[in-house]
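In what follows, a structure is listed as structure tokens, so that the remarks can point back to it.
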Amino acid sequence: QVHLVESGGGLVQAGGSLRLSCAASGRTASMYTMGWFRQAPGKEREFIAAISWSGGTYYADSVNRRFTISRDNAKNTVYLQMSSLKPEDTAVYYCAYKPGTVVAGTEEEYAYWGQGTQVTVSS
């Protein structure tokens, strides 16, 4: 199995910034894609961004140019840099893993998930 552990969530003021991290361990593939999703109360889990092994990125329209996904393959870690945060960004944020090199924005493509980290943006 692949284990994913998110960190970096917390309480921030509107307009602020936050960086989430997700460390992967276990039986990871030689090359894999990582994604970030979020789930707000009363809503379905929503795709945010994905990044390929080589660094190619794919963003949801709702967060493009505010959020930046990156990864450090040597550390098996993916990051989500969030800026200009809004109260509507409040959610539990999850990282997810899929084998292979093709980015995907649907949760069905991802095989393993982290436990989630809470991000709360106050007004």
Side-chain angles (χ1 to χ4, degrees):
Q1 296 189 65
V2 175
H3 295 92
L4 306 174
V5 179
E6 300 100 333
S7 62
L11 175 64
V12 298
Q13 295 182 342
S17 299
L18 199 64
R19 190 180 77 158
L20 307 182
S21 300
C22 176
S25 62
R27 297 184 179 182
T28 56
S30 297
M31 295 180 287
Y32 57 93
T33 294
M34 294 289 289
W36 284 98
F37 295 75
R38 68 186 181 187
Q39 187 168 23
K43 294 186 177 181
E44 296 183 347
R45 191 150 53 187
E46 174 190 23
F47 169 75
I48 300 171
I51 186 167
S52 71
W53 179 261
S54 61
T57 57
Y58 172 53
Y59 294 93
D61 290 341
S62 61
V63 299
N64 199 5
R65 300 188 178 182
R66 295 195 301 119
F67 292 6
T68 301
I69 189 171
S70 62
R71 68 191 296 167
D72 185 338
N73 291 341
K75 298 179 179 179
N76 284 331
T77 299
V78 64
Y79 305 94
L80 185 68
Q81 178 67 49
M82 304 183 293
S83 62
S84 300
L85 284 164
K86 305 173 182 179
E88 50 263 43
D89 294 319
T90 296
V92 177
Y93 285 71
Y94 299 89
C95 66
Y97 163 101
K98 69 180 291 290
T101 60
V102 180
V103 298
T106 57
E107 63 182 76
E108 290 78 12
E109 297 286 338
Y110 291 84
Y112 296 99
W113 297 79
Q115 82 288 348
T117 185
Q118 177 71 48
V119 172
T120 302
V121 184
S122 63
S123 60

Heavy-atom pair of closest approach, residues Arg38 and Asp89: NH1-OD1, 2.9 Å
For Ser52 and Arg71 the tightest heavy-atom approach is O-NH1, 3.0 Å
Apply the test side-chain contact (heavy atoms from CB on, under 4.5 Å) to residues Met34 and Tyr97: give CA-CA distance (whole Å), side-chain angles for both, the deciding distance (0.1 Å), then the verdict. CA-CA 5 Å; Met34 294 289 289; Tyr97 163 101; 3.9 Å; yes
Distance col, row Trp53:CH2 vs Asn73:CG, nearest 0.5 angstrom, shows 4.0 Å
Decide yes or no on side-chain contact (heavy atoms from CB on, under 4.5 Å) for Gln13 and Leu85, but give the supporting numbers first. CA-CA 8 Å; Gln13 295 182 342; Leu85 284 164; over 6 Å; no
Treating Thr117 as the side-chain partner and Ser7 as the backbone partner, does any N or O pair qualify as donor plus acceptor under 3.5 Å? no
Taking all heavy atoms of Leu20 and all of Gly9, pick out the closest pair and write down the distance. CD2-N, 3.6 Å
Assess the residue pair Leu11 and Ser122 against the criterion (side-chain contact (heavy atoms from CB on, under 4.5 Å)); give the C-alpha distance rounded to whole Å, side-chain angles, the decisive distance to 0.1 Å, and a yes or no. CA-CA 7 Å; Leu11 175 64; Ser122 63; 4.2 Å; yes
Calculate, to the nearest 0.5 Å, the distance between atoms CG and OG belonging to Leu18 and Ser83 respectively. 11.0 Å
Report the distance from atom CE of Met82 to atom OG1 of Thr68, rounding to the nearest 0.5 Å. 11.0 Å
State plainly whether one hydrophobic cluster holds both Val5 and Ile48, where clusters connect Ile, Leu, Val, Met, Phe, Trp and Tyr through side-chain heavy atoms under 4.5 angstrom apart. no
Do Tyr112 and Tyr79 land in one hydrophobic cluster if side-chain heavy atoms of ILVMFWY residues count as linked below 4.5 Å? no
Would you mind reporting whether Gln118 and Thr90 have side-chain heavy atoms less than 4.5 Å apart? yes
Atom pair OG1 (Thr57) and CZ (Phe67), whose distance is rounded to the nearest 0.5 Å: 14.5 Å
Here the pair of heavy atoms bringing Ile51 nearest to Val78 is CG2-CG2, 3.9 Å
Would you say the side chains of Tyr32 and Asn76 form a donor-acceptor pair under 3.5 Å? yes
Please report the interatomic distance CD(Gln39) to CD(Glu44), rounded to the nearest 0.5 Å. 8.0 Å
Who else is in the cluster with Tyr94 when I, L, V, M, F, W and Y are joined by side-chain contacts under 4.5 Å? Phe37, Phe47, Tyr58, Val92, Val103, Tyr110, Trp113
Write down the atom of Pro87, the atom of Ala14, and the distance for their closest heavy-atom approach. CD-CB, 4.2 Å
Has Glu6 got a side-chain atom pairing as donor or acceptor with Gly116's backbone, closer than 3.5 angstrom? yes
On a heavy-atom basis, the closest approach of Ala29 and Pro99 is CB-CB, 4.4 Å
Before giving the answer on side-chain contact (heavy atoms from CB on, under 4.5 Å), spell out for Cys22 and Trp36 the whole-Å C-alpha distance, their side-chain angles and the decisive distance to 0.1 Å. CA-CA 9 Å; Cys22 176; Trp36 284 98; 3.7 Å; yes
